[in-house]
Amino acid sequence: MMREVFPGSRDRTGADVEQLYRYPDRGRWLTVNFVSSADGGITVQGRSRALSTPADRVVYGLGSDLADVVLLGAGTAVAEEFEGMHPDEQTADRRRRHGLAPVAPIAVVSTGRSLPPDAPVLTRTLVPTIVITSAATDPALCAAWSEAGADVLVAGTGDPELHAITGDPARQTSAGAPRPPARAGDVDLRAAVETLAGRGLRRIDCEGGPHLFASLLAAGVVDELRLTVSPMLVAGDAPRVAMGVPIDPKQLELQTMLVEDSTVLLRYLVR
């Protein structure tokens with residue numbers, strides 16, 4: 001059982017934790033989920049799964065189970081071998097109880113090379129994946145994504161100034177890869193998020209990567225950070241939760257802190 005240590009001090013049941021991790025009932029809400037080692041690394045040998053703990057898997061699952069859409073950078077989707085959501089009985093029950101669609105779609109941010117048309121996140125799905133890209137993306141590639149079953153959402157007209165505002169997280173081939181240079185055609189993340197909300201996909205669960213997180217922060221669209229601190233040290237050159245485009249420092253306001261078996265589960269509002 002998880003123990004709440006802030007704002008109160010009490011044991012929390014599974015039902016309690018589900019209520020804590022619900023999305024607000026008002027307007028668009030974008031939550032970012034990460035698991036980190038105690039020394040700030042988010043990967044072990046390039047992947048995050050080794051850092052996850054049973055407690056982390058509970059809250060990570062709640063993020064997508066209670067969301068209208070799951071948002072990913074293409075590099076993360078490919079590196080972590082994401083597929084579409086395939087609800088188990090527990091997830092299906094949660095979504096019914098909260099009045100959600102049976103399956104949350106994946107939305108992947110990509111400007112091209114980081115998302116091959118045969119990626120599992122496009123081909124192994126129960127509902128079409130949304131590919132968020134810009135008008136500067138190769139039309140042949142957009143057509144290939146569509147032929148693979150994706151719903152291509154164009155957000156951004158190829159304005160070269162966009163990179164200075166939000167970076168280009170879609171071109172990151174993996175969390176640890178060097179940052180690509182700026183170019184025309186970066187995705188307009190603010191427009192993309194508002195378009196998702198306009199489609200009724202207002203509860204948005206972002207699951208990385210770190211360059212997408214930084215770019216979303218720069219675009220001013222992140223409402224909440226859900227951070228699991230795993231009881232591990234990884235050292236090395238592992239990336240951290242937000243990297244890439246510089247931003248003015250953001251203030252966080254702690255909402256809840258839960259503990260289970262030395263894993264610390266934090267929920268912050270982004271101010």
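- Side-chain contact between V229 and L266 is present, with at least one heavy-atom pair separated by less than 4.5 Å.
- For C142 against T137, the heavy-atom pair with the smallest separation is SG-CG2, 3.9 Å.
- Formation of a donor-acceptor pair under 3.5 Å by the T263 side chain with backbone atoms of S230 is not found in this model.
- Side-chain contact between E81 and V78 is absent, with no heavy atoms from C-beta onward closer than 4.5 Å.
- Of the possible donor and acceptor atoms, one in the side chain of D223 sits under 3.5 Å from a partner among the backbone N and O of L30.
- Annotation: the span from L141 atom CG to T133 atom OG1 amounts to 7.5 Å, rounded to 0.5 Å.
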Where do V109 and L212 land on the side-chain contact (heavy atoms from CB on, under 4.5 Å) test, with the steps shown first? CA-CA 8 Å; V109 181; L212 177 57; 4.1 Å; yes

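- A salt bridge is absent between E260 and R3: the closest approach of a Lys/Arg side-chain nitrogen to an acidic carboxylate oxygen does not fall below 4.0 angstrom.
- Other residues, nucleotides and ligands place no more than 12 heavy atoms under 6.0 Å from the CG atom of D261.
- Note on residues 223-268: no pairs pass ring pair (Phe, Tyr, Trp, His ring centres under 6.0 Å), not counting sequence neighbours.
- The closest side-chain donor-acceptor pair between S64 and D205, if any, does not fall under 3.5 angstrom.
- With hydrogens and angles disregarded, a donor-acceptor distance shorter than 3.5 Å links the side chain of W145 to the backbone of L115.
- Residue V127 comes nearest to P105 through the heavy atom pair CG2-CA, 3.7 Å, listed as atom of the first residue, atom of the second, then distance.
- Residue I204 comes nearest to Y23 through the heavy atom pair O-CE2, 3.9 Å, listed as atom of the first residue, atom of the second, then distance.
- Annotation: the span from S37 atom OG to M232 atom CE amounts to 9.0 Å, rounded to 0.5 Å.
- Defined by atom type and a distance below 3.5 Å, a donor-acceptor pair is missing between the side-chain atoms of R203 and T31.
- Within the 4.5 Å cutoff, no side-chain heavy atoms of M2 are placed close to those of D11.
- A salt bridge is defined here as a Lys NZ or Arg NE, NH1 or NH2 lying under 4.0 Å from an Asp or Glu carboxylate O, and D68 with R95 fails to meet this definition.
- V234 has its side chain within reach of D39: a pair of non-hydrogen atoms, C-beta onward, lies under 4.5 Å apart.
- Atom CG of L252 is separated from atom CG of L225 by 6.5 Å, given to the nearest 0.5 angstrom.
- Looking only at distances, a side-chain donor or acceptor of E80 sits under 3.5 Å from a matching main-chain atom of S48.
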Determine, step by step, whether L51 and V44 satisfy the side-chain contact (heavy atoms from CB on, under 4.5 Å) criterion, reporting the C-alpha distance in whole Å, the side-chain angles of both residues, the deciding distance to 0.1 Å, and the verdict. CA-CA 7 Å; L51 290 168; V44 176; 4.0 Å; yes

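- Linking ILVMFWY side-chain heavy atoms closer than 4.5 Å, directly or via other members, places L269 and L66 in a single hydrophobic cluster.
- When side chains are defined from C-beta on, K250 does not count as touching R271, because their heavy atoms never get closer than 4.5 Å.
- Both V222 and I247 are members of a single hydrophobic cluster when ILVMFWY side chains are connected at heavy-atom separations under 4.5 Å.
- Both V152 and V121 sit in one connected hydrophobic cluster of ILVMFWY residues. Membership requires side-chain heavy atoms under 4.5 Å apart, directly or through other members.
- Both the sub-6.0 Å distance and the 45° axial angle are not jointly satisfied by R94 relative to the ring of Y21.
- Between the side chains of E207 and Y60, at least one donor-acceptor pair of N or O atoms lies under 3.5 Å.
- Scanning both residues, S114 and S110, for their nearest heavy atoms gives OG-OG, 3.5 Å.
- T195 is listed as a side-chain neighbour of L153, based on a closest heavy-atom distance under 4.5 Å.
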Is there a side-chain contact (heavy atoms from CB on, under 4.5 Å) between V270 and L217 once you walk through the steps? CA-CA 9 Å; V270 180; L217 287 170; 4.1 Å; yes

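- Between the H98 side chain and the R96 main chain, no donor and acceptor come within less than 3.5 Å of each other.
- Summarising the geometry, atom CG belonging to L258 is positioned 6.5 Å from atom CD belonging to E4; distances are rounded to the nearest 0.5 Å.
- Residue Q45 places its CD atom among 12 or fewer non-hydrogen atoms of other residues, nucleotides or ligands, all under 6.0 Å distant.
- When hydrophobic clusters are built by joining Ile, Leu, Val, Met, Phe, Trp and Tyr residues whose side-chain heavy atoms come closer than 4.5 Å, directly or via intermediates, V70 is grouped together with L122.
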Test log, rule side-chain contact (heavy atoms from CB on, under 4.5 Å), inputs V32 and E224: CA-CA 6 Å; V32 176; E224 180 183 0; over 6 Å; no

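- Following chains of ILVMFWY side-chain contacts shorter than 4.5 Å, one can reach L265 starting from L20, so the two form part of one hydrophobic cluster.
- Open room surrounds CG on D237; 12 or fewer heavy atoms of other groups in view lie less than 6.0 Å from it.
- Considering CG of L216 and CG of L189, their distance stands at 5.0 Å, rounded to 0.5 Å.
- Checked by atom type and distance alone, the side chain of T76 never pairs as donor or acceptor with a backbone atom of L72 at under 3.5 Å.
- Summarising the geometry of D65 relative to L100, their closest heavy-atom pair is O-CD1, 3.6 Å, with the distance given to 0.1 Å.
- If you take CZ on F34 and CZ on R226, they are separated by 14.0 Å, rounding to the nearest 0.5 Å.
- The heavy-atom pair separating R12 from V17 by the smallest distance is CB-CG2, 4.1 Å.
- The shortest side-chain heavy-atom distance between T125 and E83 does not fall under the 4.5 Å cut-off.
- Checking each of V241, L227, V35 against I42 for a side-chain contact (heavy atoms from CB on, under 4.5 Å) leaves exactly one that passes, namely V241.
- Put simply, the side chain of P239 reaches to within 4.5 Å of the side chain of T43, judged on heavy atoms.
- For the residue pair T53 / D56, no side-chain donor-acceptor distance below 3.5 Å is found, with atom types taken as modelled.
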